[in-house]
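Heavy-atom basis, side chains included; hydrogens, waters and symmetry copies ignored. Below, chain A is the first sequence line, B the second, and so on; all start at residue 1.
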Amino acid sequence: MSSPRVRFAPSPTGFLHVGGARTALFNWLYARRTGGTMVLRIEDTDRERSTDAHTQVILDGMTWLGLTWDEGPFFQGENAERHGADAEQLLASGAAYRDYTTPEELTAARERVTRTGATFRYRRAEMELPADEQARREEAGRPHAIRFAIPDEEIAWEDAVHGTISWQGRDLDDFIILRSDGSAIYNLAVVSDDIAMEITHVIRGDDHISNTPKQVALYRALGHTPPVFAHVPMILGTDGKKLSKRHGATAVGDYQDLGILPAAMRNFLALLGWSPGNDDEVLPEAEMIARFTLEAIHAKPAVFDTTKLEWMNGQYLSMLAADELLPPVERELLRMGVTAPGRDIRPLIDAVKARSRTIGQVAEQVAVRLDGTRVVRDDKGVALERKMGERFGSSIALAHAALSGVADADWNAPRIEIVLRDVAEQAALKLGDLMQPVRVALTGGTVSEPVPELLAVVGRESSLARLGLHAGH
RNA sequence: GCCGCUAUCGUCUAGAGGCCUAGGACACAGCCCUCUCAAGGCUGGAACACGGGUUCGAAUCCCGUUAGCGGUACCA
C-alpha cells in the first residue's frame, strides 16, 4: 500500500490568500498525518496573469506558515508537451474531437439559444459543421480546438467532505481541452499533471466542485482511476460574502505584517472549517496533525473573524517563551527604527507579552521601555494627572526619593515592591495613588505590567530619569 | 434560467435518533482577584432557517420551500 500523495496547486496570479493558505494547510496536515507526500505545483498556464513575483510571494507565505512541501515546486507550464500528448490520446480513442467552429460562430450559436430562454450546451451532434465544411477547414489547416465529448451518463464520486456528489453528463458541455494554439485548458492540465504526479488525494477549494465531473470523465477516458476528492468550503468575509480585498487583509503576508504568529495563524486557520471533534481550541501542531481527518472538514463555508484570530494570537503570545518571540519582535523593532545594542530584550518581552495581542503591540511596548523619548502621554494618563492634581507630582517625587536610595545591585522587582509599599504606608497613600502616577511617568499610560516589574525592566537609571521629569510638578 | 453545494447563538463550532430544558470558544455585560490592564475564575443574554413527513421519540433521517454561495469560458 503506497502512501498518499497530495498536492497544493496555486496559480501565481495574486498573493497567497487565506483561503489558499488553509487549503495548503489541510493538504499539509493530511500528508503529515498519513506519512504521505506533499507536492507543490504552480499552475502558471494563465500566462497573462501569472508572474514570478507572485510565485515567490506564495512560496514565502507557505514558508512563513511552516507549510513545507516534499516535492516541487513544479510548474505546470513545463508540462505542455504531455498535455498535448494526452489530448492526442483522447483524440485517438474517440473520446475527443477536433472543433473547427470559430469563436464568432460559437458566440452566435450561444446567443441564438440563450435568447429563446433555453440553456446552451455545446454538443457535437448539434454543433458540428456540415461534413463538407468540416473537411474544407481541415484541409485548409484552419486552427481548431479539441473538445472532450462528455458521455451522457451519471458521473458521481464520493467526496471526502461532502459525501456522494452526482452529476448528469447531459448537464455538462463538451468542453475544450486544448485551445486552438495547442495549449491545454485547466481541466486537462490538472488531470494530466495529477496522473503524472500520481496524486492520490485532491484537497482543494469548493469552487472546483463543478469542474470535478469533467475531470472524473477525463480520468476515465484516459484509463485512470480518479483520486479521492476533498472539496473544502470557501472562507467568507464578515458580511457573509466571499472574502475579498474589500474585507481588508486577505493575504497571508498581511497577517505577518499585522504581527500575527505563524503558529497562531495555523491554529486559527485549521479551526476554520475543521474541528478536532471536541472543545479544544488551542492545539499544538503535533496534536493538530494527530487528530486531522478529511471527514472532519466541514461542508459549510466559514466567516473569517479577525477578532478571534487576535485572541488566538494572544494565547500563543502568552504561551511562547521570549526566546521564540525574539526574532519577530526584533524584526518589528528594526522596522520601527529601534535598536538596543548589547541589550537582552527578552525580559522586556516577558514583561509585556501577556498584555499584547500582536507582535506589533509587543514591540511598541518594548520600545517604550527601552527608550524614554518614546513615552507619550495618552488620554488616560492625562486624565489621571488632571484628576490627581498636585498629588500626581508629589507621589512621583516620593517614589523618586525612595527609589533613589535603592542601589543598582538591589534594583529588582521584589526589592522595589517592598520599597514602594513602604513609601505608601509611610505617606498614608493608597497603593494605587502611588503606583499609577509612577506608571504614567514611566510609560505615558495607565496600563502596564505591575509597577515593580516595570521599574525593574526599565532599569534604575532610566526609571529615575523618567520619574525625575515629573517629580514635584 | 440551468446545474451543484450549504443551512445549530452575531462569529467559530460540539452534536452522527433518546445523554439536549442544545455544550464549548470569540465578542458583549456584570462580579471576583487586584496598584492598572491583560490573564484567570464565576455569572448572564444569545442558536437548531421554514413547512411537511418517517419514528414511541428528530438539531440529528427523508421530501419540499426559502436563503446564501459556487459554476455555467479557447480563466484557473
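- Counting non-hydrogen atoms under 4.0 angstrom, Val451(A) reaches a base of the nucleic acid.
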Tell me, for nucleotides 70-76 of chain B in 5' to 3' order, what letter each nucleotide earns: B for a base near a protein heavy atom under 4.0 Å, S for only sugar-phosphate near one, - for neither?
-> SSSSBBB
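- Across all strands, Gly314(A) comes closer than 4.0 Å to no nucleic acid atom at all (heavy-atom distances).
- The side chain of Arg421(A) lies closest to rC35(B), out of rC37(B), rC35(B), rC12(B).
- The aromatic rings of Phe304(A) and Phe268(A) stand perpendicular to each other, their planes meeting at an angle above 60°, with 30° marking the opposite boundary.
- Residue contacts for Gly445(A): at a heavy-atom cut-off of 4.0 Å it reaches no nucleic acid atom on any strand shown.
- Contact annotation: side chain of Lys308(A) to base of rA25(B), donor-acceptor pair present below 3.5 Å.
- Base pairing annotation: rU66(B) forms a Watson-Crick or G-U wobble pair with rA7(B), both donor-acceptor distances under 3.5 Å.
- Comparing the P positions of rU43(B) and rG23(B) gives a spacing of 13 Å, expressed to the nearest Å.
- When Watson-Crick and G-U wobble pairs are counted only if both distances are under 3.5 Å, rU34(B) pairs with no nucleotide at all.
- For Ile165(A), taking side-chain heavy atoms from C-beta onward, the closest of the listed nucleotides rG4(B), rU11(B), rU36(B) is rG4(B).
- To the nearest whole angstrom, the two P atoms, one in rA14(B) and one in rG53(B), are 30 Å apart.
- Across all strands shown, rU60(B) forms no Watson-Crick or G-U wobble pair with both key distances under 3.5 Å.
- Among rU36(B), rU11(B), rG40(B), the nucleotide with an atom closest to any side-chain atom of Asp305(A) is rU11(B).
- Between His231(A) and His162(A), the angle of the ring planes lies from 30° to 60°, which puts this pair in the tilted group.
- Phe15(A) and His54(A) have perpendicular rings, their planes meeting at more than 60° on a 0 to 90° scale where under 30° would count as parallel.
- Pairing partner, rA29(B): rU43(B), with both Watson-Crick or wobble hydrogen-bond distances short of 3.5 Å.
- Atom CD of Glu111(A) and atom C1' of rG1(B) are 16 Å apart (whole Å).
- Once rounded to the nearest 0.5 Å, the distance linking CG of Asp171(A) with CD1 of Ile150(A) reads 10.5 Å.
- Rounding to whole angstrom units, CG of residue Leu434(A) and P of rU36(B) are separated by 13 Å.
- Using P as the reference atom, rA49(B) and rG1(B) are 24 Å apart when rounded to the nearest Å.
- Rounded to an integer number of Å, the gap from Lys380(A) NZ to rU36(B) C1' is 10 Å.
- The nucleotide rU72(B) finds its pairing partner in rG1(B), both defining distances of the Watson-Crick or G-U wobble pair being shorter than 3.5 Å.
- As rounded to the nearest Å, rU55(B) and rA67(B) have P atoms that lie 31 Å from one another.
- The line from CZ of Arg22(A) to CE of Met234(A) is 8.0 Å long, rounded to the nearest 0.5 Å.
- Nucleic acid contact class of Ser166(A) (heavy atoms, under 4.0 Å, all strands): sugar-phosphate only.
- Rounded to whole Å, the distance from CG on Asn313(A) to P on rA39(B) is 14 Å.
- Along RNA chain B, the nucleotide closest to Met435(A) and the one closest to His298(A) are compared, and the more 5′ of them pairs with His298(A).
- Atom CD of Glu81(A) sits in a sparse spot, with 12 or fewer heavy atoms from other residues, nucleotides or ligands closer than 6.0 Å.
- With values rounded to the nearest 0.5 angstrom, Leu455(A) atom CG is found 11.5 Å from Asn412(A) atom CG.
- To the nearest 0.5 angstrom, Leu467(A) atom CG is 11.0 Å from Ser395(A) atom OG.
- Comparing the same atom, C1', in rU65(B) and in rA7(B) gives a spacing of 13 Å after rounding to whole Å.
- The separation between Gln315(A) atom CD and rC26(B) atom P is 7 Å, rounded to whole Å.
- Across the C1' atoms, rG4(B) and rG40(B) are found 48 Å apart, a figure rounded to whole Å.
- Between the C1' atom of rA7(B) and the NE2 atom of His162(A) lies a distance of 13 Å, rounded to the nearest Å.
- The interatomic distance linking Leu431(A) (CG) with rU36(B) (C1') rounds to 11 Å, in whole Å.
- A sub-4.0 Å separation between OP1 or OP2 of rA14(B) and a side-chain N or O of Ser275(A) is present.
- Using a 4.0 Å heavy-atom distance criterion, Pro452(A) is classed as a base contact.
- Rounded to whole Å, the C1' atom of rC33(B) lies 11 Å from the corresponding atom of rA39(B).
- Base pairing annotation: rC20(B) forms no Watson-Crick or G-U wobble pair, as no partner gives both donor-acceptor distances under 3.5 Å.
- Here the C1' atom of nucleotide rG68(B) and the CG atom of Leu236(A) are 8 Å apart, to the nearest Å.
- The shortest heavy-atom contact between Arg266(A) and Leu25(A) is O-CD2, 3.4 Å.
- Rounding to the nearest 0.5 Å places CD of Glu105(A) at 13.0 Å from CZ of Arg110(A).
- Atom name P, nucleotides rG24(B) and rA47(B): the rounded distance is 14 Å, in whole Å.
- Residue-level contact check: Pro233(A) touches neither bases nor backbone, having no heavy atom under 4.0 Å from any strand.
- Residue-level contact check: Ser448(A) touches the bases, meaning some heavy atom is under 4.0 Å from a base atom.
- OP1 or OP2 of rG68(B) has not a single side-chain nitrogen or oxygen of Lys300(A) nearer than 4.0 Å.
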